[in-house]
Amino acid sequence: MALTRTWRVLIAVGAVLFLVALLAATYGKILQLGSGALRVFLENWILGAVGLYLMVFLAILVLRYAFLLLYSFMEHIEYTLSDRTAPPPTQQQDNQLPMISLVVPAYNEGLVIQPAIRSLLSLDYPNYEILVVNDGSTDDTYEKALVVARESTNVPVRVINKRNGGKSDALNTGMTQARGEFILNMDGDTKLSPNSLRACIRHFDNPRIGAVAGNVKVINRESLWAKIQAVEYIEGLAMARKAQSYLRSVVIIPGPLGMFRKTVLQQAGGYDHDTFAEDADLTLKLLMRGWQIAYEPAAVAWVETPSRLLDLLKQRYRWTRGILQAIRKHASALWRPRKGGVNFFILWYMLFEGILWPFSTVLGSLFFAYVGLYYGVATFIFFWWLQLTLLDVIAAAYCVIVEEEDPSLIGYSIYFRLFYIVIVDVAKVFATIEEWRGTSMTWGKLQREGKL
C-alpha cells in the first residue's frame with residue numbers, strides 16, 4: 001500500500017512538472033512573437049476589451065483553484081487528524097447509535113434496483129432501515145424491490161408504492177414514513193460504501209450540523225466519456241465539497257448520498273417541486289436557515305454516469321437549469337451581504353460556476369480561435385488551452401493523491417480540457433439562455449446500463 005501511494009505521488013508530481021515546463025516554453029514562444037502579435041489587441045478596441053476580460057477571468061480562475069486547493073488541503077489535514085485520534089467504537093457505543101432511515105426513491109429502476117438494495121443490506125451499522133419508494137414505475141421496479149425485501153431477515157426493508165409524483169414527492173413520502181432520527185436520501189441506482197452510515201453519523205455530534213454530503217464517484221469507467229467524468233467528479237465535485245466543508249458550507253448535497261436530521265428536513269418543509277435540482281434547492285434552504293453542512297469523503301456513493309454524449313448533455317442541461325432555478329428562489333441574499341452573511345458569497349460562487357465560467361470558457365475558445373486563425377497568431381490558442389489544462393492537471397493530481405485514486409485518471413484531465421468541458425459548457429450556456437427565456441422543459445431520465 002505504501003509503495004502504491006508513493007508511485008501515485010510521483011506520477012502526480014511528474015504530470016504537473018511536465019505541464020509547468022510546457023507552459024514556460026509557451027510563454028517564451030509568445031515573447032518571441034514580439035509586439036507585432038500583441039499589437040492586434042491594441043489596434044482593435046473590441047478585441048482588446050475581450051482579451052482584458054479573459055485575462056481577468058483567468059486570474060479569478062487561478063485564485064479559485066488556489067483557494068479550493070488550500071481549503072481542501074486544510075480540511076483533509078483536519079479530517080485525517082480527527083480520524084486517527086478517534087478510538088474504535090465499543091459494543092456499548094454501537095448499541096447507543098441512533099436509527100437511520102435510508103430512503104431510496106425509484107422510478108423505472110428495474111435494471112439496477114435489486115443490486116442497489118442488496119448492497120445496502122451489508123452496511124456496517126447496527127441500527128438502520130431501508131425504505132424503497134416506488135414512484136409509479138411502469139416497469140418491474142416494484143416487483144423486484146419486493147423480492148429483495150422478502151429476502152432480508154436482519155435489516156427491515158419496506159417498499160412503498162405510490163402514484164408518480166416526481167423525485168421530490170418520493171423523497172418527501174420517505175421522510176414522512178421514516179422511523180429513524182436521521183434520514184439518508186439516495187438514488188435508486190446508487191451503491192454505498194459499507195462504512196457510509198458510520199462515517200456520516202459522527203458529524204452530527206456537532207449540534208449545528210444539519211446535513212452531511214457524501215462523496216460521489218463513477219462506477220462505470222469503461223468508456224472515454226465515463227473516465228473523463230470520473231476525473232470531473234473527483235476534481236470538480238469532491239475537491240470543491242472538501243474545501244466548502246472546511247467552512248461547513250457545502251453548497252450542494254448530492255442526490256446519491258445526503259444524510260439529514262429528520263427534524264431539520266421537516267422544519268425546512270422537505271423537498272420542493274418547483275426546480276429541476278431539488279438537492280441544490282434543499283441545500284440552500286438549510287443554509288439560509290443557518291444550518292451548517294459538512295462533507296464526508298469516506299462515505300462513497302458509486303453511481304452510473306452517462307456513457308453517451310447525448311445523455312450527458314441532457315443531464316448537464318437539466319442540472320444547470322435546476323441550479324439557476326434554486327438560486328432564483330433565494331436571490332434576495334445576492335444583494336444583502338450583511339444580512340445574507342456567508343450565503344451572500346455562496347450564491348455568487350454558484351453563479352460564477354453556473355453562468356460566468358461556462359460563458360467565459362466558450363467565449364475564450366471562440367476568441368482565441370478567431371485571433372489565431374485571422375491574424376496568424378495561433379500560439380495564443382494553444383497558450384489559452386494550456387493554462388486551463390495546467391489548472392486541471394494540478395487539481396486532478398492533488399485529488400488522485402488525496403482520494404487514493406487511479407493515477408491514470410490524471411491523463412484524462414487533458415481530454416477533459418481538450419474537448420469535454422467545451423461541449424458541456426456549450427450545453428450550460430444554452431441551458432442558461434433558455435432558463436432566462438423561460439423555455440419549457442421536461443425532467444428527462446438517464447437510461448441505465450446495469451453497471452452496479
Side-chain angles (χ1 to χ4, degrees), residues 1-2 4-20 23 61-81 83 193 195-196 199 212-221 224-247 249-254 256-257 294-303 305 316 349 353 357 361 386-418 420-421 424:
M1 186 65 171
T4 303
R5 185 175 291 114
T6 300
W7 276 107
R8 189 182 297 117
V9 172
L10 290 175
I11 293 172
V13 172
V16 172
L17 290 177
F18 171 75
L19 263 294
V20 170
L23 182 62
L61 200 59
V62 171
L63 289 175
R64 180 255 186 197
Y65 273 86
F67 278 113
L68 287 185
L69 285 169
L70 173 63
Y71 282 112
S72 173
F73 181 71
M74 292 170 69
E75 170 67 13
H76 177 70
I77 295 298
E78 183 179 273
Y79 178 87
T80 303
L81 291 176
D83 190 50
S193 59
N195 64 325
S196 293
V212 177
N215 187 2
V216 183
K217 294 193 177 186
V218 176
I219 195 170
N220 57 319
R221 302 184 181 185
L224 175 63
W225 293 110
K227 289 178 179 178
I228 296 175
Q229 288 174 82
V231 177
E232 181 186 26
Y233 274 55
I234 68 167
E235 176 194 333
L237 300 180
M239 182 180 71
R241 289 196 182 107
K242 191 184 288 285
Q244 294 159 9
S245 184
Y246 186 74
L247 304 174
S249 297
V250 176
V251 299
I252 297 180
I253 302 170
L257 203 172
Y295 168 68
E296 177 48 62
V300 180
W302 295 95
V303 300
T305 56
R316 301 314 166 89
Y349 170 81
E353 298 261 324
W357 193 348
T361 301
L386 184 59
Q387 289 181 104
L388 297 176
T389 303
L390 178 61
L391 295 175
D392 291 325
V393 170
I394 291 174
Y398 165 78
C399 291
V400 161
I401 295 172
V402 172
E403 297 281 327
E404 298 189 356
E405 273 283 358
D406 182 2
S408 66
L409 290 178
I410 299 174
Y412 287 95
S413 62
I414 298 177
Y415 294 112
F416 174 85
R417 181 55 57 185
L418 185 63
Y420 174 88
I421 195 61
V424 171

Main-chain N/O of F73 paired with Y398 side-chain donor or acceptor, under 3.5 Å:
yes
Do side-chain atoms of N220 reach the backbone of T305 as a donor and acceptor pair under 3.5 angstrom?
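Answer holds: yes.
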Considering all heavy atoms, the nearest [X]-[Y] contact:
X    : Y    : result
L68  : A243 : O-CB, 3.5 Å
P254 : G214 : CG-O, 3.6 Å
C399 : I234 : SG-O, 3.1 Å
L257 : A299 : CD1-O, 3.6 Å
V212 : I253 : O-CG2, 4.2 Å
V231 : A396 : CG1-CB, 4.3 Å

Applying side chain to side chain contact (heavy atoms under 4.5 Å, CB included) to Y349 and Q244, what does each step give before you reach the verdict?
CA-CA 11 Å; Y349 170 81; Q244 294 159 9; 3.5 Å; yes
Go through the side-chain N and O atoms of Q229 and Y233 and say whether any donor and acceptor fall under 3.5 Å apart.
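No pair is found: no donor N or O on one side chain lies under 3.5 Å from an acceptor on the other.
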Derivation of the side chain to side chain contact (heavy atoms under 4.5 Å, CB included) call for Y295 and E75
CA-CA 10 Å; Y295 168 68; E75 170 67 13; 5.7 Å; no
Counting only heavy atoms not in Y65 (residues, nucleotides, ligands), do more than 12 fall under 6.0 Å from its OH?
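Result for OH/Y65: enclosed.
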As a test of understanding, state which of E296, M74, E403 forms a side-chain contact (heavy atoms from CB on, under 4.5 Å) with K242.
E403
Hey, is R417 close enough to E235 for a salt bridge, meaning N to O under 4.0 Å?
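No salt bridge links R417 with E235.
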Run I252 and L237 through side chain to side chain contact (heavy atoms under 4.5 Å, CB included) and show every step you take.
CA-CA 10 Å; I252 297 180; L237 300 180; over 6 Å; no
Which distance, rounded to the nearest 0.5 Å, do you find between the [atom1] of [X] and the [atom2] of [Y]?
X    : Y    : atom1 : atom2 : result
I394 : I410 : CD1   : CD1   : 11.5 Å
I228 : I421 : CD1   : CD1   : 10.0 Å
S413 : L418 : OG    : CG    : 11.0 Å
F416 : L409 : CZ    : CG    : 12.5 Å
Y412 : Y420 : OH    : OH    : 14.5 Å

Could you walk me through whether S245 and Y79 pass side chain to side chain contact (heavy atoms under 4.5 Å, CB included), step by step?
CA-CA 10 Å; S245 184; Y79 178 87; over 6 Å; no
